[in-house]
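To start, the structure under review is shown below, and the notes come after it.
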Amino acid sequence: MKFQTYLIKYGEIGIKGKNRYLFEDALVRQVKFALKDVEGEFKVYKSQARVYVDCEGYYDCDEVTEALKRVFGIVGICPVVRVEDKGFEELKKDVVAYMDELYPDKNITFKVESRRAKKTYPKKSMEMNADLGEAILDAFPEIRVDVHDPDVLLRVEVRDDIYIYSETIPGPGGMPIGTNGKAMLLLSGGIDSPVAGYMIAKRGVGIEATYFHAPPYTSERAKQKVVDLAKLVSKYTGPIKLHVVNFTDIQLYIYEKCPHDELTIIMRRYMMRIAEHFAKQDDCLGLITGESIGQVASQTMHSLAATNDVCTLPVYRPLIGFDKQEIVDIAEKINTYETSILPYEDCCTIFVAKHPVTKPNIGVIRKSEERLSEKIDELFQQAIDSVETIIVK
Ligand code: ATP
Ligand code: MG
């Protein structure tokens, strides 16, 4: 027996009321996207508060499951054996064969739960439960019924075909991408920012990204690493528009004009300003960073306030209360960790001071930035004009 259909269960949150169809349509879209590169033909459709994937031709069940496990909004994936309706006696045989194949050890309890989505089917669901249960009991002497807490809840659903299933594989939860606007992720080559993007995307938010590099101080390989990370995140989010900004001249200018212990903060403020420029240009409703309180000097409460000072869009920092190990655990789960720890230089690490301020005063920082007034507008414009935009998928 082979699973030919996947029944997809989604959460309750956000699906009630008149917007439910938006949620469902987005889910169907994201499921189709997730299956785009999986071998096989897939028909994805919604019906009666569920989404179904019918599989045709050659396909690998594990590959389909893996792809579905990356679609936000899915809480459960049920692999279904779909049989033609050839009469109730045939259905009994199919159900017995299903139990035999999926549960080789029969020292278990079970319960049958039938549902007639097709009301013309000659047997009522209560009757189906009893008769199918009996057929299973007759076939396997060791097996027992437990109607309250069965090991196996066997579901039989009569539609045009008959759907038999008993397993639910957990999905990632969250909301389908595209149900909650779009935000701009400041994506570096580190561990944190890909995780931050993943977490906001999980709530249904589409992701764009901005990466700052500093050639020739940072290499082409460092940039490629960020493209690779965006690609890994895009397995969950769909295609990501990545803005690659050449930050070298701004960094050098800050280095030349500003006190060195304030370099990182001032640099971070310019990153936020530039990312916000692209965010507004593309209708993003917020910025996302991988910052976490106290992780480094530029992420103390004072430093975060100083960085935040230049933003007019809300800045989402989903990792704000996480310890590094908690972030690493998620990075491993979403498969970005191995790429993140590749040892290429980051533009922030090149111009860092030995003793960066940990309690920057916003007034003092603003004052220091006045030293940049001669050329900074021009450099800012140049950085924006020379952006390289890559669609990563
Ligand atoms: P990460 O692991 O995400 O690189 P980090 O611990 O290295 O974070 P910082 O270097 O202080 O921390 O950066 C804080 C946040 O600023 C990052 O999570 C990211 O969102 C953003 N950021 C830092 N460097 C860059 C960069 N070169 N391009 C884009 N965003 C960046
Ligand atoms: Mg970093």
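Sequential numbering from 1 along the given sequence is applied to the chain's residues. Whatever order the structure lists them in is the order used to number ligands and atoms, beginning at 1.
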- Item | Closest candidate by heavy atom, reference atom 5 (P) of ligand 1, pool Leu187, Leu304, Asp192 | Asp192

- Query: Does the N or O separation between Pro194 and ligand 1 drop below 3.5 Å for any pair?
  - Reply: no

- For Gln295, the ligand 1 atoms with a heavy-atom partner under 4.0 Å come out as 6 (O)

- Task: Return a yes/no value for Gly290: is any of its N or O atoms, backbone included, closer than 3.5 angstrom to an N or O of ligand 1?
- Result: yes

- Going by heavy atoms in the side chains, are Asn19 and Thr179 under 4.5 Å from each other? no

- Message: Using a 4.0 Å cut-off to any heavy atom of Ser298, which atoms of ligand 1 qualify?
- Response: 11 (O)

- Using a cut-off of 6.0 Å, state whether more than 12 heavy atoms not belonging to Glu332 lie near its atom CD. yes

- Query: Taking atom types as modelled, is there a side-chain donor on Asp323 or Gln295 under 3.5 Å from an acceptor on the other?
  - Reply: no

- Report yes or no: is the cationic atom of Lys123 (NZ for Lys, CZ for Arg) closer than 6.0 Å to the six-membered ring centre of Phe88, at no more than 45° off its axis? yes

- Which of the atoms of ligand 1 are close to Ile191, meaning less than 4.0 Å from one of its heavy atoms? 2 (O)

- Message: Taking 4.0 angstrom as the limit and counting only heavy atoms of Leu186, give me the atoms of ligand 1 inside it, by number and element.
- Response: 19 (C), 20 (O), 21 (C), 29 (C), 30 (N)

- Determine the interplanar angle of the Phe72 and Tyr198 rings, folded into 0 to 90°, and report it as parallel if under 30°, tilted if 30 to 60°, perpendicular if over 60°. perpendicular

- Message: Suppose I only count heavy atoms of Thr289 and a 4.0 Å limit; which atoms of ligand 1 are within that range?
- Response: 20 (O)

